[in-house]
Structure formats: structure tokens, C-alpha cells
Novice: 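This is the structure I want to talk about, given as C-alpha cells.
Everything numeric here is computed off the predicted structure, so don't read it as measured data. Whatever order the structure lists ligands and atoms in, that order sets their numbers, starting from 1.
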Amino acid sequence: MIERTFVMLKPDAIQRGLTGEIMGRLEARGFKPVAMKFMRIPRELAERHYAEHKGKSFFPSLVEYVTSGPVLCMIWEGENIIMALRGMMGKTNPQDAAPGTIRGDLAQQTGRNLIHGSDSPESARREISLFFNDYELHEHKMSIEPWLFE
Ligand code: IDP
Ligand code: MG
């Protein structure tokens, strides 16, 4: 099923110059960008985005981390993309992330793990509407689609 997911390249991905490397992997998989926004997240938005982790020991440092510099917020579309992207990201702790995954290849610590991706259709819907207005989404056909989808 064709789905959409919310992706955020965190401040370490920007500072380390890894946005092209990471987006290149999504493009190479045949996923399609639908929206992108380079922004510094206000604290309140970071706290709402990560509301499920409120009260946990790492919550303050997590909010500090994702608000420490600009991030690249995006919506990508593709076949089963929510779970497919979670697989491409690798486990939350880069030490447990398999080689070949973004975190497994490019990161070392949980608190500097480069990328966020929605973990379910409900999270994707919630996160997309938290970060984007409808007019910021761009529907477009790509000429390669017949070579990706039969
Ligand atoms: P996910 O990003 O793989 O979905 P979650 O468990 O939802 O992982 O945690 C959200 C983010 O919070 C992680 O990506 C990571 O940046 C941070 N985080 C989670 N657990 C820890 C921890 O134990 N120490 C430091 N940061 C953590
Ligand atoms: Mg999560």
C-alpha cells in the first residue's frame, strides 16, 4: 500500500553534512518527496512531537538535542514506506543498528542518531499534521513510476 511518512533529519545530520547521503538513500529506493522544510523547531513543538516520551529520563536532553539547530522536516511517499523507512533507519541505538542502515552506518550513540521516522500510520498522520499545512504538500507524478510500480 502506498503510504506517507514524516521524516526529520536531526541537527547532527545537518551539522555533519549528511542530508545528501541520507536523502540519496531514500531517492535510490524510489521513494518520492512530497514536502520539505528546513526549520529550527520551537521547544513547544519538539515537546508535542515527542509527547510519548514525556517524563522519561532522556526527555529533557532529547528536546535540547532536536532544538539545538535547524532540522530538515520532510514527508516522503512510497510502498509500505512507514515500516520500510524504519528498517532503513535501523534500531534507535546505533550500536544495535545493522550495517547497511542509516544509523548503523553513520551514527554511534542513541542521543545522536541522525533521523526520525514515524513508527505507525497513526504517528505518521499526527506528525505530518503537526509539522505541515496542506498547502506545503506537493502532489506530483514522477516519470519513473512505471519502473517502480507494476
Ligand atoms: P526512534 O527515534 O527510533 O523512534 P524512540 O524510542 O521513539 O526512538 O526515541 C525517540 C528519540 O529519543 C530517539 O531517536 C533518540 O534520539 C532519543 N532517545 C531515546 N532513548 C534514548 C536514550 O536512552 N538516551 C538518549 N536519547 C534517547
Ligand atoms: Mg519513535
Novice: Transitive ILVMFWY cluster of Trp147 at side-chain heavy atoms under 4.5 Å: who else is in it?
Specialist: none

Novice: Would you name the heavy atoms of Ala107 and Pro94 that are closest together and state the gap between them?
Specialist: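 Where Ala107 meets Pro94 most closely, the heavy atoms are O-CB, 3.4 Å.
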
Novice: Salt bridge between Glu139 and Arg4, side-chain N to carboxylate O under 4.0 Å?
Specialist: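 Salt bridge between Glu139 and Arg4, a charged N being under 4.0 Å from a carboxylate O: yes.
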
Novice: Using a strict cut-off of under 4.0 Å between a residue heavy atom and any atom of ligand 1, list the qualifying protein residues by chain and number.
Specialist: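 Contacts of ligand 1 under 4.0 Å: Lys10, Tyr50, His53, Phe58, Leu62, Tyr65, Arg86, Thr92, Arg103, Thr110, Gly111, Asn113.
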
Novice: Please report the closest heavy-atom contact between Ile128 and Thr5, naming both atoms and the distance.
Specialist: CD1-C, 4.3 Å

Novice: What residue among Arg112, Arg43, Lys10 forms salt bridge (Lys or Arg N to Asp or Glu O under 4.0 Å) with Glu64?
Specialist: Arg43

Novice: Salt bridge check, Glu122 against Arg126: does any charged N sit closer than 4.0 Å to a carboxylate O?
Specialist: no

